[in-house]
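The basis for the numbers below is simple: all heavy atoms, side chains too, and nothing from hydrogens, waters or symmetry mates. Note that ligands are numbered from 1 as they come in the structure, with each ligand's atoms numbered from 1 the same way. A quick note: this is a predicted structure, and the numbers were derived from the prediction, not measured.
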Amino acid sequence: MSEPTPTVRDRVLSLPAAELPAYIYDLAALRDHAAAVRTALPERVEVYYAAKANPEPEILGALGPYVDGYEVSSGGELAHVAKAVPDRPLAFGGPGKTPDEVRAALELGVDRFHVESEYELRMLAELARRCAPGRRVAVLVRVNLPVPDGALAGSSLAMGGRPTPFGLDPAQAVDVIRALADGTYPHLELLGVHAHLASGLEAAEQLAVAESVVSWATGHGVPLAEVNIGGGMTVDYTDPEHRFDWSGYGSGLARLTEAHPELTLRIEPGRALTAYCGWYATEVLDVKRSHGEEFAVVRGGTHHLRTPATKGHDQPCSVLKVDAWPHPWPRSAAAGELVTLAGQLCTPKDVLARRVPAPGLRAGDRVVFSLAGAYAWNISHHDFLMHPGPGFHFLNPSTTGL
Ligand SMILES: *Cc1c(COP(=O)(O)O)cnc(C)c1O
């Protein structure tokens, strides 16, 4: 939903202006959503949460009961996630793993490595021999497969199906898979194939990708235990009510698992799990007219919520009117219907949403940006201009231990 939940709304209105902006997370909303996602999926499909979407410890913890593990893409995420949610299965992926990161992952006993290149495989094999004697380290080979025709139509970011630094080329991946199966790397155990090809895909597109990845993975006569078909389920910032069709996706995956009873299928969503549970709340500082258009300047900006600037969208938002006005000078107010919401940075790029219907918007009113639970605070350039950081509020923590 785009409107803040009642608890979020109450919190936004009760915070003193000096405590804004603030990131407000509704952990009950997150648990409900994650539970619905889990229910929509066949039991035999595993879910790993891609921690880079939002690694706040409270978020990682709230997701705990609904996921089978976590995907981490750096040594920093690895250490952070292992501490925040101890003893949970971790998959270590991402390009450019350093030898130190690989050693740390081996010492931590990471469950799976997603190998991004042949060079990385050789490094991992040697470090596994030295750092993890007596055990075989589990690997999935990440492959940059062609994406089925049409499946990329709606994608905003493509990691596969074109030249990218991610994964192995298909032909080379086949050689690597055969070499692993032949025992060329005695300290490594081939578990399967990993493919995260694009993000921003609808359920039908995701299923087309899943089918083509599984058919490729099972087509080489090498028995595999697992296929990880990645994340990238769409979040529609232009229409927050339009949600990824988890039940349609679940039914499609059920057919795929029935066709391949020998395989464990795994998905690793990030954005579509956590985007909806976070809000960035702030206060209007000033409203003015410029060359015929209304602008509101809010406390904070894209140094806290970079998502609309990086993705080129208007962040969905709602206005909470505040009648009280504490200052002895008059409020500024919008004369027109449509107001562009800008932040405090000295750059025209610091725009959170353009031409938002907000007739009469005044200084002192509050604005709550929704869909701010993923790739929001953690992808932003916090120190630019040295404004104070936002507050953080995690509402409705579970009381049952879940
Ligand atoms: C970022 C990433 C994900 C999660 O993608 P979303 O679009 O957030 O679902 C999953 N797997 C890998 C390898 C990634 O890099």
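A salt bridge is defined here as a Lys NZ or Arg NE, NH1 or NH2 lying under 4.0 Å from an Asp or Glu carboxylate O, and R112 with E226 meets this definition.
Within ligand 1, the atoms closer than 4.0 Å to a non-hydrogen atom of E71 are 13 (C), numbered from 1 in the order shown. The G231 neighbourhood of ligand 1 comprises atoms 9 (O), 10 (C), with distances under 4.0 Å to a heavy atom of that residue. Counting atoms of ligand 1 from 1 in the listed order, those under 4.0 Å from a heavy atom of G232 are 5 (O), 6 (P), 7 (O), 9 (O). Atoms of ligand 1 lying under 4.0 Å from any heavy atom of R271, numbered from 1 in the order shown and given with element: 6 (P), 8 (O), 9 (O). Residue contact check: S199 has heavy atoms under 4.0 Å from atoms 7 (O) of ligand 1. Of all atoms in ligand 1, listed by their number and element, those nearer than 4.0 Å to a heavy atom of A50 are 3 (C), 4 (C), 10 (C). Of all the atoms in ligand 1, the ones that sit under 4.0 Å from a non-hydrogen atom of P269 are 9 (O).
Ring centers of Y25 and W279: at least 6.0 Å apart, outside the cut-off. The distance between the ring centers of Y280 and H304 falls below 6.0 angstrom.
No side-chain heavy atom of F295 sits under 4.5 Å from any side-chain heavy atom of V351.
Distance alone, capped at 3.5 Å, is enough to place a donor-acceptor pair between the D350 side chain and the Q344 backbone. Of the possible polar contacts, one joining the S117 side chain to the E120 backbone as a donor-acceptor pair under 3.5 Å is found.
Nearest protein neighbour of atom 8 (O) of ligand 1, counting heavy atoms only, is Y375 OH, 2.5 Å. Scanning the protein heavy atoms around atom 13 (C) of ligand 1, the nearest turns out to be E268 OE2, 3.3 Å. Of all protein heavy atoms, the one closest to atom 5 (O) of ligand 1 is H196 CE1, 3.5 Å.
In this structure, K97 forms a cation-pi arrangement with F92, its terminal cationic atom sitting closer than 6.0 Å to the ring centre and no more than 45° off the ring axis. For the pair R271 and Y276, the cation does not sit on the ring face, since its NZ or CZ is not both under 6.0 Å from the ring centre and inside 45° of the axis. For R266 and Y48, the positive end sits near the middle of the six-membered ring, less than 6.0 Å away and at most 45° from its axis.
Within the 4.0 Å heavy-atom cutoff, H114 does not count among the residues contacting ligand 1.
With distances taken over non-hydrogen atoms, the option nearest atom 2 (C) of ligand 1 out of M159, M233, E116, K52 is K52.
Taking any N or O of G270, backbone or side chain, at least one lies under 3.5 Å from an N or O belonging to ligand 1.
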